[in-house]
There are 2 protein chains.
Amino acid sequence: MTGRIMTVAASAVPSEPRDPQRIYSIAELAREFAITARTIRFYEDEGLIKPKRQGLTRLYSAGDRTRLGWILRGKRLGFTLAEIKELLDLYQVDRTGVSQLRELLRRSRLHIEDLEHKRRDLDAHIAEFRDVELQVAAELAKRGADTGHD
Amino acid sequence: MTGRIMTVAASAVPSEPRDPQRIYSIAELAREFAITARTIRFYEDEGLIKPKRQGLTRLYSAGDRTRLGWILRGKRLGFTLAEIKELLDLYQVDRTGVSQLRELLRRSRLHIEDLEHKRRDLDAHIAEFRDVELQVAAELAKRGADTGHD
DNA sequence: ACCCACATTGACGTTAACGTAAACGTCAAC
DNA sequence: GTTGACGTTTACGTTAACGTCAATGTGGGT
């Protein structure tokens, strides 16, 4: 077999129960990630997750849960669901051919560039607000008021 | 007068002409930032920018241009226009009272926390994709194909 | 047997962030 | 004097990402 390359997977916000066998109900995941069941079903309609079914009821695996966390992280970073789907799909396609690997590499690099642009934006934003914080704190100190820090 | 605290201002993407006296037409700014005039007018309707007028025609100052760049950067980071407006307004309110300064400080800190959360998300995202890039590049190299780098 | 919490599938409603088209004014160029 | 590039307002259309019912099923207590 050709060496498996890995699948995109990382830590979501709530990642305590490291049991890969566990299954989750939709309400459970909704609570955990502070979203509604409607949202989760919507993501499924959009093809972002495909839980198993027992009859009609959806059963979510640990992998599904991880995927969901990944999706939400993408959202926090300002990506649309369509973009997130593209990225998720990207790593599920056929990796056997060299041309496909090349394409995957190309798109990864493009995406990394995008992410690094975002990071520059973010760093600039943070720097500005840190500056504001300093100035305001200094002004408050000068006026003899305390700044909320000890 | 009470020491001016500064106003939020930073570099947008296109920031070559450092002439603070220049004025810009709406089409000019639209081209420069790669958005439509409709978008700029929409931002005005939403109270995000308030250009001067000569009759009906809008005239944008260097400050307006900077503001616009700031708005777009906020958008790239995934903030809604409502959030961006809040942040912009934040720095235009009355800074004379101690209680207002305290409030400003509090909200700055909250926002910084949010931004730092975003940064952690972003770093995790970047790390993952870098990892993917490495793996795929390695696999390609193993197969004797070149990776697009020299 | 009945209730309740949880699940399901439609289907229509809503909000944000613009797009798009209509109808019009203005000024310089040909 | 009309064409064309720019500007304007008003207003309806659109897409994404869900919210909010309604109608129904299902398994577990009491």
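The analysis underlying the following values was restricted to heavy atoms, covering all of them including side chains, and did not include hydrogens, waters or symmetry mates. Everything numeric in this text was worked out from a predicted model, so none of it was measured.
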TODO: Identify, with sequence neighbours excluded, every residue that meets side chain to side chain donor-acceptor pair (under 3.5 Å) alongside A:E103.
DONE: A:R106

Open item on the list: Using the ring pair (Phe, Tyr, Trp, His ring centres under 6.0 Å) criterion, which residues pair with B:Y60? Sequence neighbours excluded.
Closed with: none

Task: For DNA chain D, the residues among residues 39-51 of chain A that have a non-hydrogen atom under 4.0 Å from it - done: A:T39, A:F42, A:Y43

Open item on the list: It should be established whether B:S25 places a side-chain nitrogen or oxygen under 4.0 Å from OP1 or OP2 of nucleotide D:dG7.
Closed with: yes

TODO: Can you sort out the partners of A:E86 under salt bridge (Lys or Arg N to Asp or Glu O under 4.0 Å), two or more places apart, ordered by chain and number?
DONE: A:R107

TODO: Please give the angle, rounded to 10 degrees, between the axes at the start and the end of the helix from C:dA1-D:dT30 to C:dC30-D:dG1, where five pairs define each axis.
DONE: 10°

Task: Partner set under side chain to side chain donor-acceptor pair (under 3.5 Å) for A:R31, not counting sequence neighbours - done: none

Task: Protein-nucleotide distance (A:Y60, atom OH; C:dT8, atom C1'), rounded to Å - done: 11 Å

Open item on the list: Treating A:K118 as the side-chain partner and B:L122 as the backbone partner, does any N or O pair qualify as donor plus acceptor under 3.5 Å?
Closed with: no

TODO: Find the distance B:E28:CD to D:dA5:C1' and express it as a whole number of Å.
DONE: 14 Å

- [ ] Any chance you could pull the hydrophobic cluster mates of A:I23, using side-chain heavy atoms under 4.5 angstrom and chaining through other members?
- [x] A:L59

Task: Atom pair distance, as rounded to whole Å: CD1 in A:I23 and P in C:dA7 - done: 12 Å

Task: Under-4.0 Å side-chain N/O to phosphate OP1/OP2 contact, B:R58 with D:dG7 - done: no

Open item on the list: List the residues meeting salt bridge (Lys or Arg N to Asp or Glu O under 4.0 Å) with A:R119, not counting sequence neighbours, and say none if there are none.
Closed with: A:D123, B:D123

Task: B:R130: salt bridge (Lys or Arg N to Asp or Glu O under 4.0 Å) partners, not counting sequence neighbours - done: A:E116

Distances under 3.5 Å between nitrogen or oxygen atoms of protein and nucleotides 20-23 of chain D:
residue	atom	partner	partner atom	Å
D:dT20	O4	A:R38	NE	3.0

TODO: Measure the distance from CZ on A:R76 to C1' on D:dA17 and round it to the nearest whole Å.
DONE: 17 Å

Task: Whole angstrom value for the distance that separates C1' of D:dT9 from CD1 of B:I26 - done: 12 Å

Task: Qualifying residues under salt bridge (Lys or Arg N to Asp or Glu O under 4.0 Å), relative to A:K85, sequence neighbours excluded - done: A:D89

Open item on the list: Rounding to an integer number of Å, can you tell me how far B:L81 CG sits from C:dT15 C1'?
Closed with: 12 Å

Task: N/O (side chain, A:K75) to phosphate O (OP1/OP2, D:dC18) under 4.0 Å - done: yes

TODO: Under the side chain to side chain donor-acceptor pair (under 3.5 Å) rule, collect the residues that match up with A:D94, sequence neighbours excluded.
DONE: A:T96, A:Q100

Open item on the list: If I take atom CG in residue A:L56 and atom C1' in nucleotide C:dT9, what distance separates them, rounded to the nearest angstrom?
Closed with: 8 Å

TODO: Look at the rings of A:H125 and B:F79 and say which category their plane angle falls in: under 30° parallel, 30 to 60° tilted, over 60° perpendicular.
DONE: parallel

Task: Atom-to-atom span, CD of A:Q54 to C1' of C:dT8 - whole angstrom - done: 13 Å

